[in-house]
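Beneath this line is the structure, given in structure tokens, with notes to follow.
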Amino acid sequence: MYGLAMVKGLMVTLKNLTRKPFTVQYPEERLTQHPRFRGEEFVWYEERCTGCASCAKYCPLGIIKIVTSPSETAIDQGDKYRLEVFDIELQRCMFCGLCVEACPYDALFMGSGFEQGKYSRKGMFISIDQLRQSEKHPSTFFRPQLESTGYNPHKNRPLDWKEVGRESWNWHRQEKMGMRLASGPDLDNGSAEELEPAGTSSSDGSNGASS
Amino acid sequence: MPFQALTGEALADRLAEAVPDSVERADGDCVWVEPSQIAITAQFLRDDPGLDFQFLNAISAVDFIDSFDVVYHLTSFRQQHKGVVKARLHGRESLSLPSVYEVWRGADLQEREVWDLMGIRFEGHPNMKRIMLWEGFDGHPLRKDYL
Amino acid sequence: MTGEQEFRGIESGPLFDRTWHIDRVEGAAVQGLKDTSVEPLSEPLIEVPDDLKGNLVVTSVDALVNWGRKSALWPVTFGLACCAFEMIATAMGRFDIARFGMEAFRASPRQADLMIIAGTVTWKMAPAIQRIHEQMAEPKWVISMGVCATSGGPYFGSYSVVPGVDHIIPVDVYVPGCPPRPDALLFGVMELHEKIKKYHNLRPGSRNVPGGTLAAENP
Amino acid sequence: MPIRTEPMTVNVGPQHPSTHGVFRLRITFDGEEILEVEPVFGYLHRGTEKLAEERNYVQVVTLTDRLDYVSSMINNQAYCLAVEQLLEVEPPDRGKYLRTIAAELQRIAAHLMGIGFFLQDLGTLGTPLMYCFRTREKILDLFEMLCGARITVSYLRPGGVFADAPEDFWPALDRFLTDLPGELSELEQLILENEIVMVRTRGVSTLPLDMAINSSVSGPVLRASGLAWDWRKAEPYDAYDRVEFDVPVAQNGDNYDRFWVRMQELHQSARIVRQCVEQIEPGPVRLDLPLVLRPEPGREAYGRVEASKGELAFYLFSDGGISPYRCKIRSPSLINLTVTEHLLVGWKLADMIVTLGSVDINMGEVDR
């Protein structure tokens, strides 16, 4: 019968009168983003960064600029470089997260904020000072160790660098001491028991970064 | 009948008896065809009931600095097989190849694209206009010497 | 010429053979634009006057006019690439751009005052964008959505991509992201609202420049 | 006795609200009737193939996202399959299943867009489109859970997927699969039997099968013309040889059939995802490949998938370097447009937009 299908269609739209609205009232009410969400910002832990520039080399667009100089402390004893410039060009970044994937030291994370509208193109880069000072809400993208602890980046507590590493800070310190002591004296407190396994979840996509 | 890939040798055998002087050589999974014979070969590939390549998947061109390869990927739905035909063009200037537009209409836009981006002209194609870039664009960007 | 064509009064030959001259003219325009647009345009800034002489009436009128403008920005339907889908998603049920009075996406630039450049701008498309921008009535604003429009983004350095839409038209707000999620676009829209609120429409000496914004170089 | 009128050549696009992106047509009209068509491409030509030659094999994944931006996962899949052919490796089982799940969810999202905009072009003024977007948003939420992005996902990597799905993904996927049949049947009730849709689309712009095959048309457009050909069946990749599904096929090849085939494929995709969820087992999701891949020189690969628009393939040639020597993209959207002239000539202006909608092109893929 002519018109029957249209009535059927109108019934469908009528049903929506009683439904709960699907709309999110954005500025007041926010969508819950998922912990892996790759936002339009970065979280960087300077303490862990060695200035190796793996991220810059692996960036498909080459937008990470890193300038380092040898630190005054003895570099041949395994000490790291001092970073002078760590600029990420926000205006060209496509937030693919390959830099995070490439970082072997868990120093670079995707951030979880996205409100980055700017009036001018000139200021559209993330400088080293901004990275140092910004609140650290890292995304769990490519960092399975955060996911396995049930961490949620939107709980508003910034994470300290000691909490986000793949291995505990203790282990890191011991390894550094080991490196420093390789040429010289004893190696007493580098016991294997304190080493925590690298990568805690079954997914563990971390293999690519170090190989 | 499972879908299978025809080897270059099998294709070359069929082609050699039907279209004389068309086969240059057979390679593991593809057959190299004399560039000037490509349209006639295509006609045979499509119409031969044993080969029955009605469907042209893609035309690709690869720049090897001193030569250009044009690759035809073909499929037969009835015979459930696929095959690869290649033609090698030497030199870099004023390259041309007979068009397979009359055999497979699907070659229409693909040949225009190869002309636009690689600079290989297809003789017999009715509409050799640039497709992706604008008229007056200098050069063919997918060539290795285009920077 | 077939009898059918003769009857219809069509010129001989297929259509694509008769449009070569159009293609050449278009190609020349594209090439010309590509050769001349090597530097970004100056950014439309809002000048805050040194002498805040504006009296009460003027500022109130300004506030009213600006409130009117910001509460009913009508964007032109203009999607270029991936970002267009996030722009459409912004207009759909979940994010509902109608809450900002912007649900009327106009198909004609004459009826719109906001242009959201959503996607990669190629040189071939650039003259069209420029023309649509010119067709929009003053005052008009431009949001560059996503990094492709802002700077070429993932396609920066490609032979056919404009390195930033600000080479061809002035841009008011840049929204980074690839593509920005709808919330991020809404944030950009709210930033544009803030910008519109600062306009001095009746201040003596102020003038509109193409781009619908007050001249930065105005003394 | 027909009346002699002046034909007029009209330019449609590149900025036109219903050409699905920046597509341009030059059309000669006689009154309302289309006499000649010339499609003009290239307004979104971004040089993807050239850029792929200067990025390494993993970095190219980010470029493939942006080809057909409504089906990024499937583009990733085609490219990763091609790279795996070059390297002669195969991803682990769990990786295969995750890829299949992601690709089929993406197919649902992409077909919903195709259907929604097709109906929008018919003049339904947004209502079905809103329904389609509602379902699509839920899929995008699932993607955000998987990989942190909604559209440009970059989830798949050569040798698997970049990471396992998080724990809360599976209950969310279950919820989505439970809701989906209801939402689809709502959409079907709303529109599938609607008289206006029928009258406007049945018998309009028919594409005969021999012409479709000769013009290299693939995907739902080919299936609507009457050939049940699906690369997922013919050349099963990833986990498609372990799941059961039907290939919907129609006979007339008109606008309605193309739309109908897409509607049916939504159900089949949901069916595949359900089977994958049942079959998937714990295990590794990614091969231990180096971050910078170097296939052997002289190798070539033709990685092919059945994408939402048709046969999507990457033809890769390796010279032993870290980036592809040549990366040719066989894009279904472009090649499906070979039949534009046949589909449009002889029909009316109002049908033109609908026909373009039923072919379901995506300019990111047409121009690349």
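Proteins come first, then strands; the chains are lettered A, B, ... in the order of their sequence lines, and each starts at number 1. What you see is a predicted model, and the numbers here were worked out from it, not measured in a lab. For the numbers below, each heavy atom of this structure counts, side chains included, while hydrogens, waters and symmetry mates do not.
- Residues Ile88(C) and Met113(D) fail the side-chain proximity criterion, which asks for heavy atoms closer than 4.5 Å.
- The neighbour count for Arg131(C) CZ, taken as heavy atoms of other residues, nucleotides or ligands under 6.0 Å away, does not exceed 12.
- Ranked by heavy-atom pairs under 4.5 Å with chain C, the first of Arg136(D), Arg55(D), Met130(D) is Met130(D).
- Nearest heavy atoms, Ala89(C) versus Arg150(D): CB-NH2, 4.2 Å.
- In this structure, CD in Glu86(C) is found 7.0 Å from CG in Leu140(D), a value given to the nearest 0.5 Å.
- When heavy atoms are compared at a cutoff of 4.5 Å, Leu80(C) approaches chain D by way of both its backbone and its side chain.
- At a heavy-atom separation below 4.5 angstrom, chain D is approached by Ser158(C), Tyr159(C), Ser160(C), Val161(C) within residues 156-164 of chain C.
- Top candidate by heavy-atom pairs under 4.5 Å with chain C, chosen from Gly42(D), Gly364(D), Pro39(D), is Gly42(D).
- Chosen from Ala81(C), Gly93(C), Gly119(C), Ala107(C), the residue pairing most often with chain D at heavy-atom distances under 4.5 Å is Ala81(C).
- Within 6.0 Å of the CH2 atom in Trp20(C), the count of heavy atoms belonging to other residues, nucleotides or ligands exceeds 12.
- A salt bridge links Arg181(C) with Glu144(D): the distance from a Lys NZ or Arg NE/NH1/NH2 to an Asp or Glu carboxylate oxygen falls below 4.0 Å.
- Gly79(C) and Val22(D) get closest at one heavy-atom pair: O-CG1, 4.1 Å.
- Note that CD1 of Ile27(D) is 9.5 Å distant from CG of Leu15(C), once rounded to the nearest 0.5 Å.
- Here the SG-CG distance, from Cys82(C) to Asp65(D), works out to 8.5 Å after rounding to the nearest 0.5 Å.
- Taken to the nearest 0.5 Å, the CD atom of Glu137(D) stands 5.0 Å off from the CZ atom of Phe95(C).
- The environment of Trp347(D) atom CH2 is dense: over 12 non-hydrogen atoms of other residues, nucleotides or ligands sit within 6.0 angstrom.
- Of all heavy-atom pairs between Asp141(D) and Arg94(C), the closest is OD2-NH2, 2.9 Å.
- Annotation: side chain of Pro154(C) is not in contact with side chain of Thr62(D) (no heavy-atom distance under 4.5 Å).
- Between the CZ atom of Arg66(D) and the OG1 atom of Thr120(C) there is a distance of 9.0 Å, given to the nearest 0.5 Å.
- Across Lys124(C) and Phe41(D), no two heavy atoms sit closer than the pair NZ-O, 2.7 Å.
- Residue Val70(D) touches chain C through its side chain alone, counting heavy-atom pairs closer than 4.5 Å.
- Environment of CD in Gln31(C): crowded, with over 12 heavy atoms of neighbouring residues, nucleotides or ligands closer than 6.0 Å.
- Among the residues in residues 43-53 of chain D, those with a non-hydrogen atom closer than 4.5 angstrom to a non-hydrogen atom of chain C are Tyr43(D), Leu44(D), His45(D), Arg46(D), Gly47(D), Thr48(D), Lys50(D), Leu51(D).
- In this structure, Thr122(C) OG1 and Asp367(D) CG are separated by 8.0 Å, a value rounded to the nearest 0.5 Å.
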